[in-house]
Peer 1: 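Mind looking over this structure? Questions follow.
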Protein chains: 2
Amino acid sequence: MPAGDRELKATKNRSIKTDGEKPLGGLRQVAAIAGVSTATVSRVVNRPETVSEALRKRVEMVVDQLGWIPNGAARALSSNRTGAIGAIFPALALGDFARAIDAMQDALAERNFLLLLARSQYDADLEFNLARKMVERGVDGLVLVGKTRTEGYEQFLSKAEIPYVNTFVYDDTAKRPCIGPDNAQAMESLVDYLVSLGHKRFGMIAQTTRNNDRAAARREGVRTALARHGLAIPPESIVEGQWSIEEGRMLFRRIVKADPLPTALICGNSLLAVGAVLEASELGIEIPKKMSIVGYDDIELMAELPVPITTVRVASDEVGRVAARTIADLVDRKPHIAGERIPSEIIIRASTGKPRED
Amino acid sequence: MPAGDRELKATKNRSIKTDGEKPLGGLRQVAAIAGVSTATVSRVVNRPETVSEALRKRVEMVVDQLGWIPNGAARALSSNRTGAIGAIFPALALGDFARAIDAMQDALAERNFLLLLARSQYDADLEFNLARKMVERGVDGLVLVGKTRTEGYEQFLSKAEIPYVNTFVYDDTAKRPCIGPDNAQAMESLVDYLVSLGHKRFGMIAQTTRNNDRAAARREGVRTALARHGLAIPPESIVEGQWSIEEGRMLFRRIVKADPLPTALICGNSLLAVGAVLEASELGIEIPKKMSIVGYDDIELMAELPVPITTVRVASDEVGRVAARTIADLVDRKPHIAGERIPSEIIIRASTGKPRED
DNA sequence: CTGAAAGCGCTTACAG
DNA sequence: CTGAAAGCGCTTACAG
């Protein structure tokens, strides 16, 4: 019956049975074999509770037997929902981010979202680009880091009407939910702690603040707290790097050129602190006897070095969990929080102590 | 003209001008404003070279002005292509994987694919699940780690007709392209090197081989090479862990209970090696004078410790780059390689030397 | 080079 | 609880 086949192909295929040579495929085949409408199959898959027990079982059997996997594109096109959340992080392997990502993926899975990750390398253009691609490809929401972006980027996000949250920053005046520590406050506490030990001469190996409002806030926090105590870091005792041990070492060699030497050195992140401590030991500068050193972000290594390093620990897994919950709520149009200040604490280890007397 | 509106809505909307209150939106609106067909707009976006200069410019202006972003779901549904490659890694922050991921994302972007990442925590069920979700959501291809999977998983992949590559393993007999180092061979070389220094008593802090055929191959490589030299590791000198400094420390304490002490200790990965070296220094065991220690996978830290650690360095960025190229070729139905053996080398540092004489 | 129109595989009001 | 059918927003033979 070639003529019949033609017609099947040309008009909408309405046959219930699939005896022809053209396999139906997909949901329609499932419906045909189960002897139900495509609507019913769809309901069984998406809202099984709305379907009678008998039909549900029949359809589920056929689905299993055929190994049918719904076509996500078709589903997304008709439901206007992809089930995916995109997240763009500056880096995936840095301590804080890695912990947040792990927690976020699990939390999103519980809400039945798939997490799609990309890394932007602290490159604003690349981030914008990735966001465009993700939106274009189809994500229901976005998890971003920081709250500072170009106007074009902001406009794009609002024009695309895509929900998003800002992470690793906290700001209760922001338009979008911010979920993160109070970066400035965390550093102020750290400075207060050092001042309470008696330190007056500070140095800093800062993390570059380019495309990084968290680092900028932390730097500002240091400045504020010192000013509150009537202190300041002399220009020659501030250097700037990114995030590697090697850099920490190199910059530490610059720091020790200052005379008088700072008694306390604040490092902008964990790797810079590790580098500084390792270089100090190589130079025979005893830590903390000659100098106290602190970092930011707690990675395992900091606790394991011969001189464990005092640092700020952010509950990054909580950042990930709350971000997941919030973006899922936004997408599901459920009530959601306006933001959350994630706690951070100072982990005191052996790299800090009273200043030397000289 | 409410009746007109009704009709616009009920029948297919064919009006060229968009004066009604219902905005057209999307590609159709672009077409209407530019005064061309939707086919032309689609061509301008996807294959601009097939469209005349004049029309192309006109359409591009409208696209820019409207800020139109194509709907990925619709595009995927009609073109049967999503433009995304999914990658599932056991972890995203481990040295080798992190480097591969970075290189892969960039290489895929050049081929106009978006990389979507997920991490499986060395959990076979979770990985299968993530693969299902990715396929269901829509990816054109998959990058996986290792070559061992359950039959169900294999069947799913072939049934879904989704191209994929295996990474961090090399096997020229495998059905799918394998792109990675020869794990066994790498370890054999490392053992040969240690033997050439004169070592005869070995210990091992192995990485668990559960859901990890790379670790299994490396362990087998150690066994093979030792056997070739008529050597073997006594059971009490083999312990097993995952990948943390803390574990490396703890397991090292088990290793040093053996009598006689091994003169050379092989660690299954970088963090275990770091832990071992740090613990040795804490126990006052001089490295390499009392014991040589080696690791696998070269992370920055290994070069920066007081005693830099000899290890195997895999060109992981090359793994990422070649994997990207291969999966893109597969998806684009271009000629592709059958696999590639990625080079690895032994990086000799201060943690290895001649065995002690006792 | 360009357009008219079918169709990709689902979901979802709507009606019963 | 279930089904018939429209429609989601693109791409792509096909025809000119």
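Note that the coordinates shown come from a computational prediction; the quantities given were computed from them, not determined experimentally. Within every chain, numbering begins at 1; the chains are lettered A, B, ... in the order of the sequence lines, protein sequences first and strands thereafter.
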Peer 1: Search all heavy atoms of B/Leu92 against all heavy atoms of B/Ala118 and return the closest pair with its distance.
Peer 2: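 That closest heavy-atom pairing would be CD2-O, 4.0 Å.
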
Peer 1: Can you check the distance between C/dA13 and C/dG9, where both ends of the measurement are the P atom (answer in whole Å)?
Peer 2: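 Nearest-Å result for C/dA13 against C/dG9 at atom P: 23 Å.
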
Peer 1: When rounded to the nearest Å, what value does the distance between P atoms of D/dT2 and D/dA6 take?
Peer 2: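 Result for the P pair: 23 Å, nearest Å.
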
Peer 1: Can a salt bridge be assigned to the pair B/Asp213 and B/Lys147 using a cut-off of 4.0 Å between side-chain N and carboxylate O?
Peer 2: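 Judged by the 4.0 Å cut-off on N to carboxylate O distance, B/Asp213 and B/Lys147 do not form a salt bridge.
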
Peer 1: Would you mind reading off the distance between B/Arg137 atom CZ and C/dC10 atom C1', rounded to a whole angstrom?
Peer 2: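 Rounded to the whole Å, the gap is 15 Å.
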
Peer 1: Should A/Glu318 and A/Arg321 count as an ion pair when the cut-off is N to O under 4.0 Å?
Peer 2: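 Salt bridge: yes.
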
Peer 1: Please state how far atom CZ in A/Arg56 lies from atom C1' in D/dT2, giving the value in whole angstrom units.
Peer 2: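 Taking CZ of A/Arg56 and C1' of D/dT2, I get 16 Å after rounding.
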
Peer 1: Return the value, rounded to whole Å, for the distance between atom CG of B/Asn80 and atom C1' of D/dC10.
Peer 2: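 Roughly 13 Å, once rounded to whole Å.
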
Peer 1: Can you give me the dot-bracket string for DNA chain C, 5' to 3', counting Watson-Crick and G-U wobble pairs with both distances under 3.5 Å, using [ ] for crossing pairs and | for partners on another strand?
Peer 2: |||.||||||||.|||

Peer 1: To the nearest 0.5 Å, what is the distance between CG on A/Leu114 and CG on B/Asn129?
Peer 2: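 Here the rounded value is 10.0 Å.
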
Peer 1: Please say whether the positively charged group of A/Arg132, taken as NZ for Lys or CZ for Arg, lies over the ring of A/Phe128, i.e. under 6.0 angstrom from the six-membered ring centre and within 45 degrees of the axis.
Peer 2: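 Yes, A/Arg132 sits over the ring of A/Phe128.
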
Peer 1: Write down the distance separating the P atoms in D/dC10 and D/dC14, rounded off to the nearest Å.
Peer 2: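 Those two atoms are separated by 24 Å.
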
Peer 1: Separation of B/Arg28 atom CZ from C/dG3 atom P, in whole Å?
Peer 2: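 Value for this atom pair: 16 Å.
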
Peer 1: On DNA chain D, check which nucleotide each of B/Leu77 and A/Glu53 is closest to and give me the residue with the more 5' one.
Peer 2: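 Checking each residue's closest nucleotide, the 5'-ward one belongs to A/Glu53.
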
Peer 1: Using whole Å, report how far CD1 of A/Ile69 lies from P of C/dC10.
Peer 2: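 Taking CD1 of A/Ile69 and P of C/dC10, I get 11 Å after rounding.
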
Peer 1: Could you write nucleotides 11-16 of chain D as a row of B, S and -, 5' to 3', where a protein heavy atom under 4.0 Å of any base atom gives B, of only sugar-phosphate atoms gives S, and otherwise -?
Peer 2: BBB---

Peer 1: Between atom CD1 of A/Ile85 and atom CG of A/Leu116, what is the distance when rounded to the nearest 0.5 Å?
Peer 2: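 With rounding to 0.5 Å, CD1 (A/Ile85) is 9.0 Å from CG (A/Leu116).
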
Peer 1: When you check the gap from the basic side-chain N to the acidic O, do B/Arg325 and B/Asp332 get nearer than 4.0 Å?
Peer 2: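 No, this pair does not count.
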
Peer 1: Given atom CG of B/Asn71 and atom P of D/dC8, what is their separation to the nearest angstrom?
Peer 2: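 Answer to the nearest Å: 11 Å.
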
Peer 1: According to ring-ring contact (aromatic ring centres under 6.0 Å, His included), who are the partners of A/Phe113, at least two apart in sequence or on a separate chain?
Peer 2: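 For A/Phe113 there are no ring-ring contact (aromatic ring centres under 6.0 Å, His included) partners, ignoring immediate neighbours.
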
Peer 1: Looking at B/Gly146 and B/Arg149, what are the two nearest heavy atoms and their distance?
Peer 2: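 Closest pair (atom of B/Gly146, atom of B/Arg149, distance): O-NH2, 3.1 Å.
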
